[in-house]
Structure formats: structure tokens, C-alpha cells
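What follows is one structure encoded as C-alpha cells, with my remarks underneath.
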Amino acid sequence: MLTTAEKLNILGEAAKYDASCSSSGSGRQGKPGGFGNAHMAGICHTWTDDGRCLSLLKVLYSNVCIFDCAYCVNRTSNDVLRATFEPDELAQIVVEFYKRNYIEGLFLSSGIIKNPDYTMEQLTKTVSLLRNKYNYYGYIHVKVVPGTSKKLIEAMGLLADRISVNIELPSKNSLALLAPQKKPKNITLPMQQIKLAKLDNAEARKKYKKAPLFAPAGQSTQIIIGATPDSDLAILRLSEGLYNGYNMKRVYYSAYLPVGKHPALPSPETRVPLLREHRLYQADWLLRFYGFQAAELLNDEKPSLDLELDPKCNWALNNLDLFPVEVNTADYQLLLRIPGIGVQSAQRIIAARKEKRLNLEDLKKLGIVMKRAQYFVTAAGKFGGRLRPKSHNLHTALAQPTDYVQLSLFDLPTANSFLNAGNF
Amino acid sequence: MLLLYDNTYTGFLSAVFKAFGQTKEEIAFVKEKNFVPPVLFEVQQVATNEQQAKRVANGLQKLHPQLPKILYKAWLSERTGIDQAIYQTMRLGFKIKNNPLSLLQNDWVKQTMLAQKKVSLAVERGYQFVRFTKFTDSFYIADLEPEYNILPLIGQHFHARFAEANFIIRDKIRKTAIISNKNGWQLVELLPEQINLPLAGTDEYTRMWQNYFKVLANPQRHNTKLQQKFVPLKHRKYLTEFK
Ligand code: SF4
């Protein structure tokens with residue numbers, strides 16, 4: 001028999017290959033008599049030695065799995081130590097950790113024990129204990145096992161803050177090759193059901209204010225990068241479709257860490273494509289907050305993101321005829337498209353230029369990253385760059401050894417950025 | 001003229017109220033605890049006045065709902081010259097009848113925003129790095145050595161979250177503490193014996209957390225520098241997972 005501590009080691013280890021940093025993001029209020037609430041911005045409580053934000057207790061309920069997905073440590077054919085929690089055992093860990101302020105909540109997924117519904121029933125028991133026995137109102141994100149039935153999804157939606165179904169591989173072909181037991185339909189169907197249940201819930205809440213919230217933080221999904229030959233264009237198109245078609249809150253990208261030998265997988269010596277993962281997050285950011293479309297960033301002739309240059313600079317270099325932009329007159333949408341100007345800086349410009357006509361010096365004071373922006377703006381008619389926008393030299397001037405970090409809380413539009421004049 | 005106030009924010013706002021009444025003279029502010037009698041300036045002791053302080057705060061609130069809180073944060077930074085910067089920022093706001101904080105071209109505003117940003121970061125670190133130790137099922141205690149006086153700013157967050165528990169968060173540097181139970185929370189000054197009371201020891205869940213943290217390490221992505229950027233060494237003293 002394994003002790004609780006041993007199980008946590010095994011099942012924490014098994015969950016860590018999920019590389020996404022998913023901090024919480026819902027504003028659940030605590031209730032009298034209970035404890036915990038979900039902080040709007042999500043809080044990282046510590047950082048692991050690879051610099052990842054640790055916000056949620058990320059753990060598997062069980063690493064037993066009847067499937068044999070080639071890219072996964074938990075696949076049936078892999079020889080690893082297996083463990084399964086009892087619902088109450090896991091619930092207690094969550095409660096104890098939360099009360100000491102170690103964690104912001106729980107991120108729970110599982111291998112498939114027996115069958116999808118059996119597995120989801122165990123997860124539901126765990127979460128239900130947390131909510132009803134321990135009166136825990138902190139954040140809970142549950143990954144739905146592909147193929148789960150509608151009834152269980154609906155039940156989970158009423159208990160958890162966020163539910164997600166992972167796509168894992170970006171195309172049907174890749175799925176068929178590496179995870180033949182996973183049927184695309186078993187992934188998209190639950191997604192559709194979550195979307196519909198959420199819409200129904202919104203309707204119900206219009207009628208009865210007291211109707212319980214269904215997954216208030218929405219649904220998210222994850223795509224593994226670099227395990228298959230799928231291009232960045234294909235991935236971004238997929239994400240775009242997910243945002244538009246399934247009201248997805250977030251798509252996570254996870255650089256593939258080699259965990260096994262398989263003729264169709266990169267060899268274990270392959271470098272983990274971290275920079276590519278980072279570029280995809282940047283491009284995804286442009287889709288969600290900057291009004292870009294996938295087709296503006298990439299096309300069939302050029303289906304991969306430039307590793308040397310961030311996607312926004314890249315887009316600007318391909319659309320030089322739009323530049324330089326006069327910051328005193330450009331509208332918000334256009335300001336957003338200038339390299340070196342983000343959502344906050346664009347809002348600052350709009351606010352500041354009501355007071356006076358801005359010059360280059362003002363831009364610096366407003367915190368605009370002039371290193372990049374200089375080539376693309378004029379302020380009061382003055383151009384600030386050393387080089388005129390001529391694509392050839394600019395590419396070298398803008399490319400720099402990237403000092404990138406795993407996307408974390410600080411990249412999200414959190415309370416911080418609202419305070420730092422974002423909303424002012 | 002030098003306005004001398006009683007070290008409290010209400011005192012500072014009372015001084016500001018007084019300053020708004022003066023038209024010609026140059027004004028400076030000083031806390032009693034930092035006071036050195038000057039040679040050239042006239043000094044006036046300001047009587048702390050709830051009513052007046054409230055009037056200033058209400059005026060600010062009308063400019064922008066968040067303004068009082070942000071200026072309070074900036075004030076808590078206790079940086080040199082911050083009183084003057086806040087005062088000038090307020091004047092600017094009342095002059096333009098609008099939220100002054102977006103006018104970052106103005107040096108006073110910039111100083112104020114910088115100070116509030118530093119304090120905000122310290123507050124964020126408070127939310128992140130408080131680690132409770134468990135005395136009994138319903139009594140928890142945590143220690144901090146924060147760069148700024150953040151307890152007044154983080155009390156509400158922890159009270160809302162752990163309302164049912166009785167807990168104490170101590171600021172070991174300033175010898176103050178948040179005391180919270182289900183009826184509310186307050187900030188108190190600690191007696192020497194209360195400061196020296198040791199934290200609760202480790203138990204099975206402490207060890208589970210430490211192991212879990214170790215297990216999450218990812219040798220293929222090892223990056224100590226990045227980790228230190230987020231969790232600077234000086235903040236690790238009370239972090240269970242770094243013990
Ligand atoms: S179903 Fe999930 S846990 Fe099981 S092998 Fe596939 S990816 Fe791994």
C-alpha cells in the first residue's frame with residue numbers, strides 16, 4: 001500500500017509534464033461558514049526551479065490509463081509506478097495546502113481508469129467533497145477525460161471553476177498516428193457540450209439570479225507543440241477556430257518533452273522547442289487582444305513563425321506601407337499594431353494626447369519601448385528611428401537574443417496592469 | 001512652511017487639507033518621527049483631523065474611484081520626497097478636475113506612480129509568500145519581513161479568504177501584526193513576547209508540500225536565474241518549500 005505522501009509524489013510527477021502555467025482566473029466569492037475564494041488575477045505562490053509559476057496544486061487523480069498515447073508517460077505500455085488517490089485523501093491535501101496559503105486551488109486531471117465515465121465519477125466525488133464537506137470555495141480546474149458523457153460534464157461544470165478538454169495533437173492525422181484510441185469526436189463533443197451548457201446557464205441566470213454558476217472561468221484546452229509535423233499556421237488556425245467556435249477562454253501550448261521512443265515521434269535527444277512555444281503564445285496573444293487574425297500572421301508560403309523576431313514585429317515588417325504611424329492621430333486599433341506598443345501603452349497614449357500634442361520625448365516618458373517603436377512612429381510629425389523603415393536592415397536591428405520567460409501571471413492582464421494606469 | 005504631522009495617513013491628509021488653504025507659501029511635509037528642527041522654514045504642527053482627511057479623500061475619489069487607494073499605497077512607500085510628490089499630484093488632479101495619474105509626463109505623477117508600483121509589488125509578494133504554520137485546526141500563524149509596510153493592505157485579502165480561521169500574520173521588521181477571526185481583522189503593535197513566539201513546527205502536510213515542490217522540478221528546463229527573479233533569495237526565509 002502506498003502512503004498519501006508517496007501517492008502525491010507519483011501523481012504530482014505524472015502531472016508536471018503538463019507545461020502550461022494555468023493560474024486561476026475567476027472571481028468566485030467565498031461563502032459564510034466556508035473558506036477560500038478565487039482571486040480574479042490568480043496568484044502565483046512560488047516558482048519551481050525551472051522558473052514556472054506554481055499557483056495550483058496540479059495533480060493526477062490516477063496515473064493508471066487504459067489508453068496508449070505514444071507521447072504520454074502514463075500510457076499503458078509504459079513501465080511506471082502507478083497510484084490512485086481516494087477522493088477524501090486528495091480533498092484533504094487540497095484543504096490543508098490551501099489553508100497554509102501554499103496554493104491558489106486545484107488543477108485536477110487523470111489517466112483513464114476502467115473507462116471515461118468511471119474516471120469522471122471519481123473526480124466528481126473528490127470535487128464534491130471539497131465543495132460540500134469541506135466548504136472549500138477556492139479555485140478548481142478539472143480536465144475532462146475525452147469521451148465523458150454529457151451528464152457528468154454538466155455535473156462537473158456546476159462544481160468547478162473551469163473545465164477543459166485537451167486537444168493535445170493539432171490535427172486528425174497526428175491523433176490517428178500517436179493516439180489512435182482517442183477519437184476527435186470524443187474531444188470536440190464534450191467541448192461543444194460545455195459551450196452549450198454554459199450558454200444555457202447564462203440564460204438560466206438571467207431568469208433566476210440564484211442559479212448556480214456553470215464553470216465561471218470558462219473552458220480551456222492544450223495543444224502539444226513539436227511532437228508532430230503540424231505547422232504553426234495549422235496550430236494558429238486551430239486556436240482561432242477554438243476561440244471563435246467554442247468560446248474557449250484560453251488555448252495553452254506545451255512544448256513536447258520527449259518521453260518515449262516511437263517511430264513517429266522526435267527522438268529523445270531532440271531539443272525541447274521552447275522558443276517556438278513562446279512565439280506561439282505571443283501570436284495567440286495577438287489573436288486575443290490585438291485584433292489580429294491567423295491569416296495576417298502566417299500563410300501557406302510562410303507557415304512557420306519567425307524564431308528571431310516576435311510575430312508583431314514580423315507582421316509590421318511585412319506591412320511597411322502602413323508605417324510610420326503618427327501617434328497623435330492614429331486610432332486605438334492602429335496604435336495596438338505598432339511594435340513596442342502594448343495595450344497599456346496604447347491606452348496611455350490615448351489619455352495623454354488629450355492633454356497635449358505628444359512628441360518623442362513624451363513617448364519615452366509614457367513607457368513606450370522606443371527600441372522597437374522608433375522605426376514605426378512619428379510624434380508631432382517627427383520620425384525617431386535611426387533607420388527609415390526599410391525591411392532589409394530593420395530585421396537585423398529588431399532581432400535580438402530573446403530573453404524570454406515562461407508565460408506566467410505577469411503576462412496576463414492582471415490586477416497589476418489595471419492599476420498601473422491601464423484603465424486610467 | 002513645514003507641516004509636521006503625526007506619522008499617520010490621516011495626519012498626512014489633514015496636513016494636505018491645511019496646505020490647500022495656503023496660497024502663496026511653499027509647502028513641505030514631515031512626519032514627527034523624521035523631524036529635525038530646520039533653520040529657515042517656519043514649522044507648523046498639524047492636528048490630525050478625521051473630518052478634514054475625509055474631505056480630501058472624497059475629493060480624490062471624485063476624480064477617480066481608485067485614486068485614494070493608489071495614493072495611500074504610494075504614501076506607504078515612505079520614499080524620500082513622496083509626501084511632496086503625492087501633494088503635487090493631488091493639486092494637479094484638482095486643477096485639471098480629472099484623474100492626474102495618466103499624466104506620466106509630469107514628474108510628480110511619475111514619482112507617485114513609481115512608489116505605488118513598488119508597494120503594489122510588495123503587496124503581491126505578500127499574497128504570494130505568506131506561509132501559514134498550523135498550531136491547531138483553527139489557529140494559524142505566519143511571518144513576513146516585507147520591504148514596505150504592507151500589512152494594512154493585505155489584511156482584507158487574507159481575512160476574506162480564511163474568515164473562519166483565527167490567524168496572525170506578523171511583520172517582523174515593523175513589529176506589527178494582522179490579527180483576524182471570523183468577526184473581522186485588525187492591525188496591532190506587538191509586544192516583545194508576542195514577537196518572539198516561535199512559528200508552529202512541521203507536520204505531514206508541510207513535508208508533503210516540500211516534496212511536491214521538489215518533484216515539480218524539471219531538469220530539462222532548469223533555470224535558477226529565472227526562479228530567483230520571481231522569488232528573490234531575500235524572500236525565501238519563511239517559504240516552507242525552500243526549507
Ligand atoms: S489518455 Fe491521457 S493519460 Fe492516457 S495515455 Fe492518453 S494522454 Fe496519457
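Everything numeric in this text was worked out from a predicted model, so none of it was measured. Numbered from 1 within each chain, the chains take letters A, B, ... in sequence-line order.
Across every non-hydrogen atom of Gln92(A) and Tyr205(B), the tightest pair is OE1-OH, 3.4 Å. Listed here is the closest heavy atom pair of Tyr127(B) and Asn101(A): O-ND2, 3.1 Å. Smallest separation of non-hydrogen atoms from Trp47(A) and Phe242(B): O-CZ, 4.1 Å.
Taking the six-membered ring where the residue is Trp, Phe97(A) and Trp209(B) present perpendicular rings, their angle passing 60° and hence far from 30°.
Per-residue counts of heavy-atom pairs under 4.5 Å with chain A were compared for Val123(B), Ile96(B), Val130(B), Asn98(B); the largest is that of Val130(B). Of the listed residues (Leu358(A), Ile103(A), Thr46(A), Asp362(A)), the one with the most heavy-atom contacts under 4.5 Å to chain B is Thr46(A).
Of the inter-residue distances, the one linking Phe129(B) atom CZ with His45(A) atom NE2 reads 10.0 Å to the nearest 0.5 angstrom. Interatomic distance, NZ of Lys364(A) versus CG of Leu104(B), reported as 16.0 Å (0.5 Å rounding). Interatomic distance, OG of Ser102(B) versus CG of Leu366(A), reported as 9.0 Å (0.5 Å rounding). To the nearest 0.5 Å, atom SG of residue Cys44(A) and atom CZ of residue Phe230(B) are 7.5 Å apart. The line from CG of Leu54(A) to CD of Glu241(B) is 8.0 Å long, rounded to the nearest 0.5 Å. Here CG of Asp49(A) is found 5.5 Å from CD of Gln227(B). Values are rounded to the nearest 0.5 Å.
Using a 4.5 Å heavy-atom threshold, the side chains of Leu103(B) and Lys356(A) count as separate. In this structure, Leu57(A) and Tyr212(B) have side chains that are in contact, with non-hydrogen atoms separated by less than 4.5 Å. Counting heavy atoms from C-beta outward, Tyr140(B) and Lys99(A) have side chains that approach closer than 4.5 Å.
The side chain to side chain contact (heavy atoms under 4.5 Å, CB included) test applied to Glu204(B) returns Arg207(B), Met208(B), not counting sequence neighbours.
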Item to complete: Test side chain to side chain contact (heavy atoms under 4.5 Å, CB included) on Glu361(A) and Gln105(B) and set out the steps.
Response: CA-CA 9 Å; Glu361(A) 204 43 43; Gln105(B) 324 79 300; over 6 Å; no
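Heavy atoms of Phe167(B) lying under 4.5 Å from chain A are absent altogether. No part of Thr133(B) comes within reach of chain A, as not one of its non-hydrogen atoms sits under 4.5 angstrom from that chain. Neither the backbone nor the side chain of Leu11(A) comes within contact range of chain B, judged by heavy atoms closer than 4.5 Å. Heavy atoms closer than 4.5 Å to chain A are found in both the backbone and the side chain of Leu216(B).
Comment: Asp203(B) engages Arg100(A) in a salt bridge, judged by a side-chain N to carboxylate O separation of less than 4.0 angstrom. A salt bridge links Arg161(B) to Glu104(A): at least one charged side-chain nitrogen sits closer than 4.0 Å to a carboxylate oxygen.
Here the side chain of Lys365(A) pairs no donor or acceptor atom with the backbone of Asn106(B) at under 3.5 angstrom.
In this structure, Lys69(B) places its NZ atom where only 12 or fewer heavy-atom neighbours from other residues, nucleotides or ligands lie under 6.0 Å away.
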